[in-house]
Structure formats: C-alpha cells, structure tokens
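Inspection log for the structure reproduced underneath, given as structure tokens.
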Protein chains: 2
Amino acid sequence: MDSLGIGALARKAGVRIDTVRYYERSGLLAPKSRLPSGYRRYGLGELARLRFIRRAQGLGFSLREIRELLALSRGRDVARVKRTAQAKLADVEARIAALQRVREGLATLIAACPGHGDAADCPILQALGGEGPGASQLPHSPEPGAER
Amino acid sequence: MDSLGIGALARKAGVRIDTVRYYERSGLLAPKSRLPSGYRRYGLGELARLRFIRRAQGLGFSLREIRELLALSRGRDVARVKRTAQAKLADVEARIAALQRVREGLATLIAACPGHGDAADCPILQALGGEGPGASQLPHSPEPGAER
DNA sequence: TTACACCCTGGACTATGGTCCAAGGTCATG
DNA sequence: CATGACCTTGGACCATAGTCCAGGGTGTAA
C-alpha cells in the first residue's frame, strides 16, 4: 500500500515529524486516515501538499497565507490564486527596492571611508552614530509598524 | 533643557513607550541619564539613535544586526568599522539576490497563469503542488530551515 | 515472546519583537 | 495640597514557526 506513516512522510518531504504535526494543528495538513491505534496514515496527495507548503514558504509565504492559498486551490478559484501571487510579487519587489536603497547608502559610505585615521573622519560613523538628525545619508524606508 | 522623558521620546520617534524600554532591555538604547526618582531622560542623540533603529528595521535588519551596526560607532577602529560595513553590504546584496530569484519565479508563474478556468491549468498551483522533487519552474530558494 | 523502532498526546520551551497590566511612586499645574 | 498625567518595575501575554520531552502505546520481525 502506498500509504505512509508520519515518519516516512516527514523523511520524504525533508521535514521533522513535529513539523508535520504542527502543520496539522495549524490546519494545513490532515492525515488521510488513522489506524485504530491512532497512528496517522498519509497518501501521495498529502505528500504533495506538504511539499507545496515547503515550497510556498521558500517563496516567502507565511503559513497563514499558505492556508489561504490551499483553500483557494480547493475552491478552484484560479483568479484569486493569481491575485494572491501578484500581491506577494509586489511585496517581494518592494522589499528588493528597499534593500537596493540600503545597498546604495552603504556602498556610498564605504567608498567615502578611508579605512584608517580618525573616527571623526569616518562617514560611516557620522551617518550612524550621528548626533544630528541621524543617518541622513541613509534612505527613507518603510518603518516597521507601517507594515502590511 | 532639550531633554526628553520616555513618553516624549517615544512620541517623537513614533513608537510605544514599551518598545523604548524593550530596546533598552535589548541593549540598543540607553537613556542619557536618570532623575533621582528613576525617570529616564533622553537627549537628541538618543532620539537619532532610536530613529536609526526604526529605519534599519524597516530595511529588514534584525535587532541583533542593528546592535552590531550601532556597536560600530562605539569602536575607534576605523578599519574594523569599514570591514564590518562591507560585510553588511555583502549580506544585503545576498538578500537582494535571493529575493530576485523569488521574484523571477513568481513572475514566471503569474505570467503563465490565465487567471481563470480550471485549477488543473493553473501553473501556480501546479508548480507548488507538483508530485516530483520538482518545483522545476521555481527558483531554488532557501527552504525554511536552510535559513541563515 | 521479546526487542526495538515507531507512534501517540499534552505540554513546555526556543527565539523574535513586541504589548499590556498591576501596583505603586513622581511631577507639574491650579 | 490635590489632581491627573506621567513614570517605575516585574511579569504575563501575543503571534510565528517550530522543537523537544515525558510517559505511555503499537507494529513488526526474529
């Protein structure tokens, strides 16, 4: 029978047994059935679902979002799946843009720092430690709290 | 006197009082002084530092990383400061690259998804739910657990 | 039958980044 | 001096995403 115990399932998906049970508690992955003893049994569908969960996490989806994605796919609502993916894409792009601004700021500071001499001449320390309005050479980016 | 109580400081920086105290517990932000009563007093340097913390967080730095970043300003070793900043730059660039791979994967899937019709035809669901070791249409993104 | 791997539940614990509360002390204004 | 806003500490609690443990039960093969 191509039915798996929780250990075999976890090994095939590369996760810990506890993680499988955690996903079950979180409403993401239920066993196909249970033995009279209570042992969980999983089929290939559950294995695919577990792999889906891991891949989606790798793309930056939270478990909550993955739960929504799974519900959408069960509902055959392709339009909403696409919209969700688009929203995630926009999120990823915003994060890239913010990091690119920080990269520019850091690169500028590093280029201007002689790497020796007095600390007062180090633009990195000036920008960071500043007494003034602070980090004025660093970009303005979404502060935490302004979060989605 | 341009010295602030914790409430005024928090308001000026747009954070909660508890957050200021939490940062203090975390070794990120100490008051300039204390009144005999124990009340914390902050100067403009502390305000700048607090704003820096928030900006850095917005850019995806953890409090631990921000602590390291701030520690640079206490060091007198300009060479070490520069090296640390360079390491941080490399870190930021690696994060950008990882996010760009995620973006490519998402964009490809979205472009291929008609946005309607049967779930079986949705490449987003196919890629995530696939049987194979697969996700062949997806970039290799650090699966959670392979995290730094 | 015995050995041993496998599995069960429930609950505690990790780390991150806060947020809130209680009980009490202090500061500033009328 | 009374009032109310402000502040103190310590500890509890929240979500996220797990991880681990104790104390027991089960499955299977020699």
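In this text the structure is predicted, and so the values were computed from the model without any measurement. Within every chain, numbering begins at 1; the chains are lettered A, B, ... in the order of the sequence lines, protein sequences first and strands thereafter.
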Checklist entry - At under 4.0 Å, does any side-chain N or O of S37(B) touch on OP1 or OP2 of dC27(C)? => result yes
Checklist entry - For the pair made of CD1 in I17(A) and P in dT19(D), what is the distance, rounded to whole Å? => result 12 Å
Checklist entry - Closest to the D18(B) side chain: dC7(C), dC21(C), dA17(D)? => result dC21(C)
Checklist entry - When you check the phosphate oxygens OP1 and OP2 of dG18(C), does a side-chain N or O of Y23(B) lie under 4.0 Å from one of them? => result yes
Checklist entry - dC7(D) P sits how many Å from E24(B) CD, rounded? => result 13 Å
Item to check | L47(B) reachable from Y22(B) in the ILVMFWY side-chain graph, under 4.5 Å edges | outcome: yes
Next on the checklist: Looking only at the side chain of T19(A) (C-beta and beyond, no hydrogens), which of the listed nucleotides dA17(D), dG18(D), dG18(C) gets closest?
Outcome noted: dG18(D)
Item to check | Y39(B) vs dG25(C): side-chain N/O to OP1/OP2 distance below 4.0 Å | outcome: no
Checklist entry - So what does S26(B) hit on the nucleic acid, given a heavy-atom distance under 4.0 Å: a base, only sugar-phosphate, or nothing? => result nothing
Item to check | Candidate pair V20(A) and R16(A), rule side chain to side chain contact (heavy atoms under 4.5 Å, CB included), full reasoning | outcome: CA-CA 7 Å; V20(A) 176; R16(A) 315 247 173 159; over 6 Å; no
Next on the checklist: Using OP1 and OP2 only, check whether a side-chain N or O of R34(B) sits under 4.0 Å from dT9(D).
Outcome noted: yes
Checklist entry - Hey, does the side chain of R40(B) come within less than 4.0 Å of dT8(D)'s phosphate (OP1/OP2), counting only N and O? => result yes
Checklist entry - For dT19(D), does OP1 or OP2 lie under 4.0 Å from any side-chain N or O of R25(A)? => result no
Checklist entry - Any salt bridge between E65(B) and R95(B), counting N to O under 4.0 Å? => result yes
Next on the checklist: Given 3.5 Å as the limit, does a donor-acceptor pair link the side chain of E104(A) with the main chain of R101(A), or not?
Outcome noted: no
Item to check | Contact under 4.0 Å: Q57(B) side-chain N or O vs dG18(C) OP1/OP2 | outcome: yes
Checklist entry - When all nucleic acid strands are considered with a 4.0 Å heavy-atom cut-off, which category describes R41(A): base, sugar-phosphate, or nothing? => result nothing
Item to check | Whole angstrom value for the distance that separates P of dC7(C) from CZ of R21(A) | outcome: 8 Å
